[in-house]
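I have placed the structure first, in the form of structure tokens, so that the comments after it can refer back to it.
Letters A, B, ... are given to chains in the order of the sequence lines, protein chains preceding strands, and every chain is numbered from 1.
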Number of protein chains: 2
Amino acid sequence: MSQALSEFDLIARYFDVPALKGSEDNPFISLSIGDDCALLQPTPHHQLAVSVDTLVSGIHFPVNVPPKLLAWRSLAVSVSDLAAMGATPKGFTLALTLPEANSDWLASFASGLAEAAQHYGVVLFGGDTTKGPLAISVQVFGEVPSGLALRRDGANIGDAVFVSGELGGAHVALDYLADEANQDPLVDQLLQAYYKPDAAIALGQALRGVASAAVDISDGLLADLGHIASRSGLSITVHSHLIPVHPAVTALCNKDRALEAATKGGDDYQLAFCVPESKIPDLLALPFNLTRIGTCKSGAGVLLDDQHILSGGFQHFEV
Amino acid sequence: MSQALSEFDLIARYFDVPALKGSEDNPFISLSIGDDCALLQPTPHHQLAVSVDTLVSGIHFPVNVPPKLLAWRSLAVSVSDLAAMGATPKGFTLALTLPEANSDWLASFASGLAEAAQHYGVVLFGGDTTKGPLAISVQVFGEVPSGLALRRDGANIGDAVFVSGELGGAHVALDYLADEANQDPLVDQLLQAYYKPDAAIALGQALRGVASAAVDISDGLLADLGHIASRSGLSITVHSHLIPVHPAVTALCNKDRALEAATKGGDDYQLAFCVPESKIPDLLALPFNLTRIGTCKSGAGVLLDDQHILSGGFQHFEV
């Protein structure tokens, strides 16, 4: 009746490590990996922000994606949800489903995950590894002073609409993911945008008390503005000539394709947000690359150059 | 450029419902489904207990499992981790990966989930639905007064070892899952144990301040006692004749098979725990079905009838 050590038990060796778990005296984590639950000690007078995202092989990323980059991207897309709430990232759990426990793959994935975790100031405090088709589910935890979170439902008629960074790069990168031999530095910029989206944590925190509503651009600019419009009960008008397009997209694509990538392509993980006119001077004093692209009006849905392109009213099942 | 509503957006209709989200004035949930993150308002002077479990089709459950029962089981196995910490269940998120958005399947799954959620006093406050091979990842959140959680690392030499309930039923049920025509009431009891494990929430809470260490029996009695032994730095001796075997297992199986199911079969979700001799009177005054099966001693690993069957020293990557 001796109990064999399964290969999946051994996975602990890749994840139950200081590079991912961080310091033992982290005041937020009272008990980490290795018990029935992790125990967190929330900071008084703060709310806990929680979000989960699953990436499935062949659906959300190509089957042959380098595991180190996949790990970075998996964590960044979840951390981006914390950015959109103005929360400070604290930690995460990982539910990893793998067809086999391949040690080269696991070592590379764990090293990418550790790099991203250190970049975003989060520690891994738990998870689950299971056998099955490759899928990665990351649940992130952040904190925000009670009442200061940036929500989707706070926009008001008359607010200006802004976006951070430059859009469309990650979407156009999809055309090049399989093309490993491509040496074009413009393509390299796109792949960087896709694999290493830089979640706008510092911007989100700076927008506390400034923005009336915010969302991260994971589904595409217009679809995500649709979430704000729907939850805030208003319409949002966007002017296409104001949208900041990623320079590599402008260089590599014709005008229609570039606009489509910047407005409908997801995966950029910049923030779109609304700001009352009275707060615009405060906003423009912040050290971020921000562009005003539109305005909140009465009505419903999202309009691009006065064309109604989203009727609003639906929502994802998500946080 | 009109944006089509994907079938996966429609999944919100099954999960973003009062039967799962609970009352709007839940003090623990400041913001539920529909934003970038959920916002939780932790209770002062409490720790947050968090655990995640993924169930993969064909690995953790048969492909043709009734979705209503699958939903119940998915939530119960995660809630059981809260029970093992002595935590009070508060809420959960659901990361659901589905090959297709089949409305009959979803309606049945959601109704089972709502039933289990009400049974355990938890509400669904967020999640993610993705397309891919069927897998269900449930992350549960509970609270426990700071410092009172039942951990795996608190057992001491001389402590008595107890187990709740009767063991082996869910494991033997695996032999009958495909046999839909079976009308034997004994088999029905086993299937009930498998599909509707009753996470020992009330027992876990009653063990605060009484038990020195606890674990839920998900990997099998001896393997899970091995986690306590390893984390507490001692050995655990168990006597096979003391182990409470599920009566349907005793009736349907020969003695060896019954003992194997009760000691090595996972999936029972009872609690195994250690209690100092001085607290045994307090323990026996509690209104639960509990059995003393062994003792904590010096050394390492787990012994059954003085045979060393687990050397200890490994651990899962999990919480």
task = Could you tell me the separation between the CG atom of Leu304(B) and the CD1 atom of Ile236(B), rounded to the nearest 0.5 Å?
result =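 Answer rounded to 0.5 Å: 12.5 Å.
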request  = Supply the atom-to-atom distance Ser137(A) OG to Asp128(B) CG, rounded to the nearest 0.5 angstrom.
outcome  = 7.0 Å
ask   = For residues Ser232(B) and Asp153(B), is any side-chain donor paired with an opposing acceptor at under 3.5 Å?
value = no
inquiry  = Between Asp224(A) and Asp219(A) (side chain of the first, backbone of the second, donor and acceptor by atom type, cut-off under 3.5 Å), is there such a pair?
reply    =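 Confirmed, Asp224(A) side chain pairs with Asp219(A) backbone.
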Heavy-atom contact with chain B under 4.5 Å, split by part of Ala214(A) =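 Backbone only.
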Select one option (side chain, backbone, both, neither) describing which atoms of [X] are under 4.5 Å from chain A's heavy atoms.
X         : answer
Val144(B) : side chain
Gln139(B) : side chain
Leu39(B)  : both
Leu82(B)  : both
Thr54(B)  : both
Tyr14(B)  : neither
His60(B)  : side chain

task = May I ask you to name which of Gly58(B), Ala87(B), Pro133(B) has the most heavy-atom pairs under 4.5 Å with chain A?
result =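 That would be Pro133(B).
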key: Contact winner vs chain A - Glu143(B), Met85(B), His46(B), heavy-atom pairs under 4.5 Å   = Met85(B)
task = Establish, for the pair Lys90(A) and Phe28(A), whether the NZ or CZ atom is under 6.0 angstrom from the six-membered ring centre and no further than 45 degrees off its axis.
result = yes
Chi angles and distances behind the side chain to side chain donor-acceptor pair (under 3.5 Å) call for Gln47(A), Ser30(B) = CA-CA 8 Å; Gln47(A) 289 172 312; Ser30(B) 305; 2.9 Å; yes
query = After noting the C-alpha distance and the side-chain angles of Thr130(A) and Thr97(A), does the key distance pass the side chain to side chain donor-acceptor pair (under 3.5 Å) rule?
reply = CA-CA 5 Å; Thr130(A) 47; Thr97(A) 303; 3.0 Å; yes
